[in-house]
Trainee: 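What follows is a single structure, and I will ask about it in a moment.
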Amino acid sequence: MKSSKTVKRVLSLVMAVLVVASSVLAAPVQKRAAAAASYSAYLCLSTEKWTFRNEHSSDKFSDKLENTTNPLDAAASKAKFTDVMSMKKNKKAKTYSVSLTGLKPAVIGNDGTFNTLFVDTTIPGSMKDKITVTNVQVFFDGKKVKTFKKAVLTPDPDATADFTQIQIINTWNSRVTAFKYTMPKKSIKVTYTIKFK
């Protein structure tokens, strides 16, 4: 009986030490992310039929289109994402672009809509107020379909998130203005201008 209580006390002590240690380790990681000299950006999406590319921090993040709900057309394997691997932390405004090329009509062209379309970044969510993102231009099949003079950024007000995203289409976020479009059959490109304060 006594040894059982001792074991429980030891285990409780070990757990307490691990919790403190993990919180102590997490803070420097967050500080390093905020102090980084440059950041990355990725085009991410989810369609009506659940073809997707998740954000970079997801365990399902991939360089390829995926669909775990419906069969994905074989032509999807030819689609190629072009990401931004170095957005320098610069106070001068600079324009970048992310894209998805090599699409065929059967890949997502027959889906009715996007659930989401956004630019995911490695900029910490806590830094959202330290950047300005403007002139977000959206191109489907080489034609401009929308321009946002000022970007809608997450985290949303009064919310927290690990990373900042530039929202373009989001059926679940009322802050993102809906617009009419035809689903792309060949390519998607998003350009945006970012300035660090």
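Heavy atoms only: backbone and side chains are in, while hydrogens, waters and symmetry mates are out. Along the sequence shown, the residues carry numbers beginning at 1.
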Trainee: Which heavy-atom pair separates Leu103 from Ala79 by the least distance, and what is that distance?
Mentor: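 In this case the closest contact between Leu103 and Ala79 is CD2-CB, 4.0 Å.
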
Trainee: I'd like to check Val133 versus Leu153 (side-chain heavy atoms, cut-off strictly below 4.5 Å). Are they in contact?
Mentor: yes

Trainee: Is the NZ or CZ atom of Lys189 positioned over Phe139's six-membered ring, under 6.0 angstrom from the centre and within 45° of the axis?
Mentor: yes

Trainee: I need the Asn135 CG to Thr191 OG1 distance, nearest 0.5 Å.
Mentor: 6.0 Å

Trainee: Could Arg53 and Phe81 be counted as a cation-pi pair, given that NZ or CZ must be under 6.0 Å from the ring centre and within 45° of the axis?
Mentor: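 Yes - Arg53 lies over the ring of Phe81, closer than 6.0 Å to its centre and within 45° of its axis.
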
Trainee: Is it true that a side-chain atom of Asn170 and a backbone atom of Val176 form a donor plus acceptor pair closer than 3.5 Å?
Mentor: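 Absent.
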
Trainee: Would you check, one step at a time, whether the test side-chain contact (heavy atoms from CB on, under 4.5 Å) holds for Ser57 with Phe163?
Mentor: CA-CA 9 Å; Ser57 57; Phe163 300 100; 3.8 Å; yes

Trainee: If you measure from OG1 on Thr177 to CD1 on Ile168, what distance do you get to the nearest 0.5 Å?
Mentor: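 Output value for this atom pair is 12.5 Å.
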
Trainee: I'd like to know whether Phe114 forms a ring pair (Phe, Tyr, Trp, His ring centres under 6.0 Å) with Phe52, so could you lay out the CA-CA distance, the side-chain angles of the two residues, the decisive distance to 0.1 Å, and finally the verdict.
Mentor: CA-CA 10 Å; Phe114 285 103; Phe52 67 89; over 10 Å; no

Trainee: Are the side chains of Ser40 and Val84 in contact, using a 4.5 Å heavy-atom criterion?
Mentor: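 With C-beta onward as the side chain, the pair stays apart.
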
Trainee: What pair of heavy atoms forms the shortest contact from Phe140 to Val138, and how long is it?
Mentor: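 The answer is CE2-CG1, 3.7 Å.
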
Trainee: Could you check Asp156 against Arg175 for side-chain contact (heavy atoms from CB on, under 4.5 Å), going step by step and ending with a plain yes or no?
Mentor: CA-CA 8 Å; Asp156 288 340; Arg175 293 178 60 234; 2.6 Å; yes

Trainee: List the atom of Leu45, the atom of Thr51, and the distance in Å for their closest heavy-atom pair.
Mentor: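 For Leu45 versus Thr51, the nearest heavy atoms are CD1-O, 3.6 Å.
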
Trainee: So how far is it from Asn173 CG to Gln165 CD, rounded to the nearest 0.5 Å?
Mentor: 10.0 Å

Trainee: Measuring from atom CG of Asn110 to atom CG of Asp73, what distance do you get when rounded to the nearest 0.5 angstrom?
Mentor: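 If I round to the nearest 0.5 Å, the distance is 9.0 Å.
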
Trainee: Could you tell me whether the side chain of Leu43 reaches within less than 4.5 Å of the side chain of Leu117, counting heavy atoms only?
Mentor: yes

Trainee: Taking the side chain as everything from C-beta on, heavy atoms only, tell me whether Phe118 gets closer than 4.5 Å to Ile169.
Mentor: no

Trainee: Does NZ or CZ of Lys146 come closer than 6.0 Å to the centre of the six-membered ring of Phe148, within 45° of the ring's axis?
Mentor: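 Judged by the rule (NZ or CZ under 6.0 Å from the ring centre, within 45° of its axis), Lys146 counts as positioned above Phe148.
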
Trainee: If two hydrophobic side chains count as joined below 4.5 Å and joins carry through other members, does Val152 share a cluster with Tyr181?
Mentor: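 Looking at the clustering, Tyr181 is in a separate group from Val152.
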
Trainee: Has the side chain of Asn54 got a donor or acceptor atom that lies under 3.5 Å from a matching backbone atom of Phe61?
Mentor: no

Trainee: Between Met127 and Lys197, is any pair of side-chain heavy atoms under 4.5 Å apart?
Mentor: no

Trainee: Compare all side-chain heavy atoms of Thr82 with those of Ser99 and state whether any distance is below 4.5 angstrom.
Mentor: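 Touching, per the 4.5 Å side-chain cut-off.
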
Trainee: Sort out for me which residue in Thr132, Thr95, Thr134, Ile123 forms a side chain to side chain contact (heavy atoms under 4.5 Å, CB included) with Ile194.
Mentor: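 Per the side chain to side chain contact (heavy atoms under 4.5 Å, CB included) rule, the option paired with Ile194 is Ile123, out of Thr132, Thr95, Thr134, Ile123.
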
Trainee: Do you know which of Glu55, Met87, His56, Met85 makes side chain to side chain contact (heavy atoms under 4.5 Å, CB included) with Thr122?
Mentor: His56

Trainee: If I take atom CG from residue Leu100 and atom CG from residue Leu65, how far apart are they, to the nearest 0.5 angstrom?
Mentor: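 The distance works out to 5.5 Å.
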
Trainee: Report yes if some heavy atom in the side chain of Val136 is under 4.5 Å from a heavy atom in the side chain of Val190; otherwise report no.
Mentor: yes

Trainee: Are any of the side-chain heavy atoms of Val98 and Tyr96 separated by less than 4.5 Å?
Mentor: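 Contact flag for Val98/Tyr96 side chains = no.
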
Trainee: Kindly check if the number of other-residue, nucleotide or ligand heavy atoms within 6.0 Å of NZ (Lys64) is above 12?
Mentor: yes

Trainee: Taking NZ in Lys185 as the centre, count heavy atoms belonging to other residues, nucleotides or ligands within less than 6.0 Å. Is the count above 12?
Mentor: yes

Trainee: Working note: Ser187 + Thr101, criterion side-chain contact (heavy atoms from CB on, under 4.5 Å); need CA distance, chi angles, decisive distance, verdict.
Mentor: CA-CA 5 Å; Ser187 65; Thr101 55; 4.3 Å; yes

Trainee: Treat each ILVMFWY residue as a node, draw an edge where side-chain heavy atoms are under 4.5 Å apart, and state whether Ile166 and Phe179 are in one component.
Mentor: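 Same hydrophobic cluster.
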
Trainee: Write down the atom of Val119, the atom of Ala41, and the distance for their closest heavy-atom approach.
Mentor: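 Looking at all heavy atoms of both residues, the shortest contact is CG1-CB, 3.9 Å.
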
Trainee: Kindly determine whether Tyr39 and Thr164 satisfy side-chain contact (heavy atoms from CB on, under 4.5 Å), including the steps that lead there.
Mentor: CA-CA 11 Å; Tyr39 302 95; Thr164 301; over 6 Å; no

Trainee: How long is the straight-line distance from CZ of Phe196 back to NZ of Lys94, given to the nearest 0.5 Å?
Mentor: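 Separation between the atoms: 11.0 Å.
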
Trainee: Work out which heavy atom in Ser38 is nearest to a heavy atom in Lys88; give both atom names and the distance.
Mentor: CB-CA, 3.9 Å

Trainee: Can you name the nearest heavy-atom pair linking Pro184 to Asp141, along with the distance?
Mentor: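 Where Pro184 meets Asp141 most closely, the heavy atoms are CA-OD2, 3.7 Å.
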
Trainee: For the pair Asn67 (side chain) and Lys49 (backbone), establish whether a donor and an acceptor sit closer than 3.5 Å, ignoring hydrogens and angles.
Mentor: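 Side chain of Asn67 to backbone of Lys49, a donor-acceptor pair under 3.5 Å: yes, one is there.
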
